[in-house]
Protein chains: 2
Amino acid sequence: MSLVDGGLVEGGMAAPTRERILDGAWRLFVEQGFAGTTITQIEAAASLAAGSGSFYRHFRSKEDVLHAVVDREVERVDAERNVGPELSDTGGDVRVALAMEFQQRLRNLQRLDPLVRLVQQEREHLGGSRDYLGDLLVDRNVTVRSERFAAWMERGAIPKRDPEALATVLMCALVGYRMSSDYFDRPPGDTSEEAFITTLIDLVVGP
Amino acid sequence: MSLVDGGLVEGGMAAPTRERILDGAWRLFVEQGFAGTTITQIEAAASLAAGSGSFYRHFRSKEDVLHAVVDREVERVDAERNVGPELSDTGGDVRVALAMEFQQRLRNLQRLDPLVRLVQQEREHLGGSRDYLGDLLVDRNVTVRSERFAAWMERGAIPKRDPEALATVLMCALVGYRMSSDYFDRPPGDTSEEAFITTLIDLVVGP
DNA sequence: GTCTATACGAAGATAGAC
DNA sequence: GTCTATCTTCGTATAGAC
C-alpha cells in the first residue's frame, strides 16, 4: 500500500524528504510548469512547512531540483523501454503485429507527454538531458524498428523500401497524431485512433 | 523600406505605440516565453522608457497583450493560408505534385512553430484562440487535402483509400517530422527532408 | 501619451534557534 | 533536519507632473 500524499511507501517507512520533494516537484512542474511553481508549494507538497527554507537543505535552488526531476524521469523512461511483439508472437500476421506495435507506441507517447512538455518548456536549461531524451525517444526507436522492418522485407511480409526512412515516417506519423490530439484536445481531422492505425498499416503493407 | 527596430514603417511614418508594443512583445514572447518576459522589457523593445508604466496606457495587463499578440498572429496565419499546386499545374505528375505540397507544408509548419510553441506554453490562458488555431492548422488542412486525394483516387492517380484518414496520416507525419526536428535540433533518425518526403510519396502512390 | 517616482506583493534565498 | 523570521530582489501596477 502506498500513501504518496502522506509521504509513506510500502512497509510504512517514511519516504526520505529528498524523495518527497522530487515527487511533489514533478507533479507541480507537470501541472503548473516550472516558472509557475514556487518553492513554497514544493515544500508544502513535501509536507514541509510552507515558506520555511527547509527545501534548501536538500537542493541548492529551483533549477537544481528541475534537473534532478528531469533526470529521474528520463531514467525511468530508459528502464521501461520496450518494443512491440515479434512477428512470431502473432501467428505470422504482419497486420496484427503492426497494429499492436502502433497501439503500444501511442500509449507510450501519451505517458511520456508530461515529460516531453516539461523539457520543451525549459529547453534552455536542460541541454544534456534533452539530447539524451531525443536519443531515447526517437533515434533508438527508429533503429530498432528499421531493423525489424528490414527483416520483414527480406521475408516478403511487406514491400521492400528504405527501412530506416520507413521507420522514421511511421514514428513521425504517430508522434504527430499524439501531439495534435494532446495539443487540441481532440484527434486531428476527427480521425479515430483505430482508423488512423488501420490506414497506417494499409500504407505499409500495401493493397 | 521598413525599419522595424526604429519603429518606422513604409513611408517614414512612426508606427503607433500600440503596434510597436505588439511587435516587441511578440518577439520577446517567442525568445523568452510569456513568463520569462517582463513589462519593462516590452517597454524597452517598444522604445518606451524602461520601468515607466507607459505600457499600461495601451494594454491593461501582460495577459491582455498576450491575447492581442496571439490573435494578431492567428489572423496572419489565416490570411496566408494556401494549398499546394493543382495536379494540372505539374503536367499531371502526381509524384511532383505531392512533393511540392509536402515541401510547402513543411516550410509552413516551420514558420508557424513559434506561434504553436507560445500557444502551447500558455494554453490555459488561450482557450478560444487555441481552438481556432487547431481548426486552422489541422482540420481545414485535412479537409482540403482529403477532397483533393478523393479526386485523384477517382482518376486512378493514386490507389483508393479512405481519403480523410489518408490526409490525416500524411499531415501527422509532416507535423511529427517538423516537431521532432525542432525539438531535438536534428531530423529524426537522421532522415533528411528529401528522403522523408520520397518515402512518404512512395507510401501514398504505391510501387 | 510619456515621463519620474513609488507602492505593493510575490518569490528566492539565508540566519540562527531548537 | 526542521522550524520561525527575515532579507533582498524583482516585477506588476499606480499616482501625478509635464
Side-chain angles (χ1 to χ4, degrees), chain A residues 5-9 12-70 118 121-122 124-126, chain B residues 5-9 12-70 118 121-122 124-126:
Chain A
D5 287 342
L8 300 179
V9 291
M13 294 275 290
T17 303
R18 189 187 159 87
E19 292 302 312
R20 297 203 316 273
I21 290 178
L22 286 174
D23 293 339
W26 166 238
R27 180 173 59 78
L28 289 165
F29 288 163
V30 167
E31 288 173 3
Q32 313 178 342
F34 176 73
T37 299
T38 68
I39 305 278
T40 300
Q41 288 176 321
I42 296 175
E43 287 173 331
S47 301
L48 294 170
S52 73
S54 298
F55 168 91
Y56 293 97
R57 294 282 169 181
H58 304 271
F59 295 94
R60 286 210 312 273
S61 67
K62 205 167 122 182
E63 272 212 13
D64 193 18
V65 78
L66 172 67
H67 279 93
V69 157
V70 169
L118 181 59
Q121 264 177 31
E122 303 304 318
E124 287 82 23
H125 310 223
L126 293 169
Chain B
D5 285 343
L8 300 179
V9 290
M13 295 274 291
T17 304
R18 188 187 159 86
E19 292 302 311
R20 297 204 316 274
I21 291 178
L22 285 174
D23 293 340
W26 166 238
R27 181 173 57 77
L28 289 166
F29 288 163
V30 167
E31 287 173 3
Q32 312 178 342
F34 175 73
T37 299
T38 69
I39 305 278
T40 300
Q41 288 175 322
I42 296 176
E43 286 173 334
S47 301
L48 294 170
S52 74
S54 297
F55 168 91
Y56 293 98
R57 295 281 171 184
H58 305 270
F59 295 94
R60 287 212 310 275
S61 67
K62 207 167 120 182
E63 272 213 12
D64 193 18
V65 79
L66 172 67
H67 279 93
V69 158
V70 169
L118 181 59
Q121 264 178 31
E122 302 305 318
E124 286 83 23
H125 310 220
L126 293 169

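Quick note on labels: first sequence line is chain A, next is B, and so on, each numbered from 1.
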Between Gln32(B) (side chain only) and Phe29(B) (backbone N and O only), is there a donor and an acceptor less than 3.5 Å apart? no

Donor-acceptor pair, Arg20(B) side chain versus Ala15(B) backbone, under 3.5 Å? yes

Distance from Leu28(A) atom CG to Asp23(A) atom CG, nearest 0.5 Å? 11.0 Å

Chi angles and distances behind the side-chain contact (heavy atoms from CB on, under 4.5 Å) call for Leu126(B), Phe34(B): CA-CA 12 Å; Leu126(B) 293 169; Phe34(B) 175 73; over 6 Å; no

Glu43(B) CD to dC3(C) P: how many Å, rounded? 8 Å

Quick one: Glu63(A) CD to dA11(C) P, roughly how many Å, whole number? 18 Å

When all nucleic acid strands are considered with a 4.0 Å heavy-atom cut-off, which category describes Thr38(B): base, sugar-phosphate, or nothing? sugar-phosphate

N/O (side chain, Ser52(B)) to phosphate O (OP1/OP2, dA5(C)) under 4.0 Å: no

On DNA chain D, compare the nucleotides closest to His58(A) and Gly51(A); which residue's is nearer the 5' end? His58(A)

Send over the distance from Ile39(A) CD1 to dA10(C) P, rounded to a whole Å. 17 Å

Does dC3(C) have OP1 or OP2 sitting under 4.0 Å from an N or O in the side chain of Ser54(B)? yes

Can you tell me if Thr40(A) touches the phosphate of dA10(C), counting only side-chain N or O atoms and a distance under 4.0 Å to OP1 or OP2? no

Could you state the atom-to-atom distance from CZ of Arg57(B) to C1' of dA15(D) in whole Å? 10 Å

Lys62(A) NZ - dG12(C) P separation (whole Å): 4 Å

Ile21(A) CD1 to dA13(C) P: how many Å, rounded? 13 Å

Interatomic distance, Phe55(B) CZ vs dC3(C) P [rounded to whole Å]: 14 Å

With distance as the sole criterion, is a donor-acceptor pair present between the side chains of Thr40(A) and Thr38(A) under 3.5 Å? no

Expressed in angstrom and rounded to an integer, what is the separation of Phe59(A) atom CZ from dA11(C) atom P? 20 Å

Report the nucleotide, chosen from dT2(D), dT12(D), dA13(C), that has the shortest atom-to-atom distance to any side-chain atom of Tyr56(A). dA13(C)

